[in-house]
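Since the structure comes first, as structure tokens, the remarks are kept for the end.
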Amino acid sequence: MSASPPYLEVAVAAPLPQTLTYAALRDGRVAKPGQRVLVPLSGRLLTGYVLALSEEKPEFRLKPIADLLDDFPVFPEKLVPFFRWVARYYHYPIGEVIRGALPGGLTSQSGRRLKITEAGLHYFQREQPQLIQDTPWLANLTANKKLSAATVRKLWRGKERRLIEQWAEQGLLTVEQIISGASIGQKTESCVLLAQEAASPETLASLKPSEAKTLALLEEMRTPAAQGIPRRELTALYRGAGKPLAALAAKGLISLVERPVYRDPFGETPPFFPRPAQLTVDQENALAQLNPAIRQKKYSAFLLHGVTGSGKTEVYLQAAETTLALGRSVLVLVPEIALATQLEAHFLSRFGETVALLHSGLARGERFDQWQRVVSGEARIVIGARSAIFAPLGDPGLIIVDEEHDGAYKQEDSLRYQGRDLALLRGSQGGATVLLGSATPSLISYQHALSGKYTLLTLPARIENRPLPQVELVDLQAVNTVSGRPPLFSPQLKQALRATLSRGEQSLVFLNRRGFAGCMLCSDCGQAVQCPHCRITLTLHKGRGELVCHYCGFATNSRTVCTNCRSLNLAPIGFGTERIEEELTGMFPKARIARLDHDTTRNRQDFLRILRAVHEREVDILVGTQMITKGHHFPHVTLVGIVWADAGLGMPDYKGGERTFQLLAQVTGRAGRGEQPGKVIVQTHQPTHYSIAAARDHDYPRFFAKEMGLRKALGYPPFSRLINLVLDGEQEEGVQSRASLLAAKGKSLLPRYRRTAILGPAPAPLARLRGRFRWQILLKGPDLEELHGLCLELEQEQSRLGAAVNLSVDVDPENML
DNA sequence: AGCACGCCGACT
DNA sequence: GTCGGCGTGCTC
């Protein structure tokens with residue numbers, strides 16, 4: 001056996017642009033790629049991730065690794081090139097990429113814990129009561145005798161540090177170096193094991209009644225596999241089993257052991273979906289192309305364009321079967337909110353135990369457990385939101401991105417990645433088949449399908465040949481009202497709702513804006529009440545009695561005064577889902593009306609509860625935001641009303657047309673998925689707009705052609721690429737001048753980047769967000785190499801200029817807001 | 001990020 | 001003259 005290579009390439013969990021090299025552990029223990037280690041970095045200890053081992057000695061002096069944090073890798077070595085690519089492409093420190101990819105609670109670092117000594121306690125309480133009163137952390141310390149590492153970290157940075165060091169020298173307190181931060185471990189549960197040999201008659205005779213009862217129960221519960229009976233299950237049957245258990249253990253009849261358990265993330269049992277007896281011809285055709293590609297074990301990409309209700313899920317399931325049969329694993333990405341819905345239940349029904357779930361709704365511990373099941377190879381199918389693209393599967397042979405057009409695949413803070421794009425990357429690096437599915441593909445994916453980069457698969461018909469719903473456009477300009485302003489509900493929509501109610505069928509009413517009113521307008525000075533942190537108008541939420549900022553969550557009492565002139569005359573303007581709900585209640589007092597949006601679904605349970613109520617036909621009219629469009633099947637919905645289709649068209653955003661089409665097509669697809677045909681009423685001010693007209697006709701190709709023409713004319717993606725540089729800071733002037741400096745620097749470099757243009761600097765569309773001022777610079781051009789090169793030079797310039805202003809880089813931005 | 005090193009004002 | 005404030009720059 002050869003000695004392990006002495007040098008390790010480590011990505012440290014700190015914002016360093018490069019990896020660092022360390023010498024192997026002094027004690028001879030070996031660290032493998034994918035393992036976490038504790039490494040010294042400028043006088044402290046931090047978590048690092050081993051990326052590679054090497055024989056080559058670098059020319060600088062090396063420090064050795066301080067400790068191993070894991071016995072086994074936390075991610076497979078195969079992910080290393082993926083992490084490297086992500087870090088480079090998205091201009092993000094590789095250690096932070098990996099830290100973010102791993103489940104939370106796995107990052108250790110050195111810290112300090114403060115304890116107060118007896119002498120210190122006397123001193124402060126006798127001599128310095130005033131000081132304790134005035135200093136919250138000292139009060140905390142004297143009360144609890146110690147301070148956590150997290151608290152000390154904050155103090156250490158401030159000027160308290162010197163004070164603490166002085167007091168420590170005087171013996172009033174002690175400072176202890178500790179390793180802290182890793183808060184997650186394996187959860188165990190105690191299990192009862194029955195003794196191998198039968199107990200002697202004397203022993204049995206000596207048992208108390210409670211002990212005999214316990215033993216009898218255990219005999220009954222004994223499983224053939226003999227892996228122990230969870231104590232929890234026993235005490236559920238017999239509350240008083242605790243004491244007898246201890247006695248039985250003392251007598252040698254049983255033993256008690258701790259077994260690792262996985263916390264169950266599935267909450268409640270999802271519905272069971274049986275395998276369909278037969279596939280449609282279109283499904284057969286799709287699989288006839290997919291299965292051979294999967295068996296090739298080489299990279300290939302498919303776009304499955306299937307109208308809503310056409311049976312994409314069954315194609316996913318059978319492709320997954322093919323992949324599992326090859327001994328490879330399957331990764332399924334879904335938009336966050338669509339989790340716990342149809343798709344998940346289908347995979348659980350078909351594959352059961354081998355499915356792991358990764359999404360943000362899991363508690364930290366649950367997420368850790370799911371991760372462990374994947375690393376260990378126990379789970380071979382992962383279903384998760386965008387971050388599941390980092391799932392530690394060793395050899396995914398199929399990567400599915402459901403609803404690939406969905407904006408939720410783009411992460412809009414910290415590491416700003418596109419989950420769908422990374423699915424394609426991971427597939428190409430690992431020789432996997434990538435399957436993108438959508439009823440309304442993104443422009444870019446459809447273009448790749450047409451150009452042959454992906455193979456296009458289509459499911460043009462709904463299963464059982466159910467017709468697509470009939471869509472009626474209502475021109476709001478043409479609706480007469482007393483006030484001259486268009487009403488919320490046109491006569492056509494009202495009439496249709498009434499008719500649907502009287503038939504005992506369900507309706508969906510859709511508006512992509514929550515809250516009650518758009519904003520509160522001051523009748524005296526004409527200004528809208530704004531968020532003090534974000535410079536956008538606050539939205540009235542009547543039920544909560546609050547004005548709420550939809551960007552930072554700031555909330556204030558709705559009985560407020562005008563921030564400009566302090567007038568009390570505030571009037572609600574505009575409308576949201578809450579207002580729609582109220583109006584509907586007025587119009588149809590007997591109807592059962594429910595609302596599905598961010599306000600009514602604080603968590604997954606609320607969300608599922610409302611969905612179930614709709615499913616059980618306990619709801620006649622469901623009002624909602626785009627949340628209602630995501631992956632749900634409502635068989636009894638026969639009417640969909642879209643209150644205001646133009647809501648997304650006025651945004652300062654090149655994707656407005658695409659979003660509007662997708663949204664309308666998706667909402668429209670909710671109607672008539674059961675046996676009754678569906679009807680859709682779309683209210684709009686722009687009935688001739690191409691996005692709206694094409695959605696009415698279910699005509700994706702027509703929308704695609706028109707939108708591509710517009711993008712080409714304006715030089716927007718996919719005809720160019722973008723990198724957005726967003727600067728933010730506390731001082732408005734500082735941010736603005738930094739933006740100007742960087743833009744000027746960039747422009748001076750343009751002779752070397754001839755195909756690239758710089759737009760800006762300009763205030764970001766949200767010029768103030770969470771109390772910070774924001775400016776942006778947009779790099780635009782067809783040459784990706786140039787864009788990245790220029791971006792790197794600007795980042796260097798930015799780091800020279802200092803940290804008072806923060807720069808974040810958004811590669812392939814989708815949402816300029 | 002956060003620690004070390006280094007360079008200027010108010011104190012023994 | 002020192003202590004201690006904060007501004008660059010580096011971290012294997």
Side-chain angles (χ1 to χ4, degrees), chain A residues 4-26 31 33 35-69 80 84 87 91-100 102 104 106-113 149-170 175 177-182 413-415 728-731 734 737-738 741 772 792 795-809:
Chain A
S4 120
Y7 308 113
L8 297 103
E9 186 190 8
V10 175
V12 183
L16 305 181
Q18 355 72 13
T19 57
L20 304 177
T21 309
Y22 287 87
L25 276 153
R26 288 249 162 85
Q35 267 175 308
R36 295 176 312 136
V37 288
L38 203 58
V39 292
L41 182 77
S42 66
R44 72 211 137 116
L45 293 171
L46 286 178
T47 300
Y49 311 97
V50 180
L51 299 189
L53 311 181
S54 99
E55 301 280 358
E56 238 170 284
K57 184 176 168 53
E59 65 262 23
F60 44 81
R61 215 181 84 254
L62 294 182
K63 289 182 185 167
I65 282 173
D67 200 3
L68 261 181
L69 290 172
V80 170
R84 289 192 205 274
H91 298 254
Y92 208 74
I94 186 160
E96 302 283 323
V97 169
I98 299 174
R99 187 228 294 259
L102 298 179
L106 285 181
T107 320
S108 310
Q109 59 188 128
S110 56
R112 297 171 188 84
R113 187 159 55 194
T151 319
V152 180
R153 196 181 306 282
K154 279 182 213 122
L155 297 173
W156 212 257
R157 254 179 301 195
K159 49 183 177 239
E160 275 84 2
R161 174 181 173 173
R162 196 151 294 272
L163 201 57
I164 293 169
E165 285 177 322
Q166 275 172 17
W167 285 343
E169 253 170 63
Q170 294 164 24
V175 182
Q177 297 279 330
I178 55 161
I179 303 297
S180 68
D413 59 344
S414 54
L415 172 61
D728 68 277
E730 282 169 24
Q731 251 74 49
S737 68
R738 176 67 58 89
L741 274 172
R772 295 177 72 86
L792 279 173
E795 282 179 282
Q796 271 168 25
E797 181 70 9
Q798 151 74 10
S799 69
R800 265 198 293 278
L801 293 170
V805 176
N806 175 63
L807 167 69
S808 41
V809 177

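The figures here come from the full heavy-atom set of this structure, side chains too, leaving out hydrogens, waters and symmetry mates. Throughout, a chain's letter reflects where its sequence line sits, starting with A, and its residues are numbered from 1.
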- Message: Using the rule given for side-chain contact (heavy atoms from CB on, under 4.5 Å), can you reason through L792(A) versus H91(A), listing the C-alpha separation, both sets of side-chain angles and the distance that settles it, and then say yes or no?
- Response: CA-CA 8 Å; L792(A) 279 173; H91(A) 298 254; 3.8 Å; yes
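- Looking at L62(A), L41(A), L8(A) one by one, the single match for side chain to side chain contact (heavy atoms under 4.5 Å, CB included) with L20(A) turns out to be L41(A).
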- Query: Nucleotide by nucleotide, 5' to 3', does protein get under 4.0 Å of the base (B), only the sugar-phosphate (S), or neither (-) in nucleotides 1-12 of chain C, counting heavy atoms?
  - Reply: ---S------BB
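- Salt-bridge check for E9(A) with R84(A): passed, with a basic side-chain N closer than 4.0 Å to an acidic carboxylate O.
- No donor-acceptor pair under 3.5 Å is formed between the side chain of R36(A) and the backbone N or O of V50(A).
- Look at CG on L155(A): it is 14 Å from P on dG2(B), rounded to the nearest Å.
- In this entry the distance linking CH2 of W156(A) with P of dA4(B) reads 11 Å, nearest Å.
- The pair E96(A)-R99(A) counts as a salt bridge, with a side-chain nitrogen and a carboxylate oxygen less than 4.0 angstrom apart.
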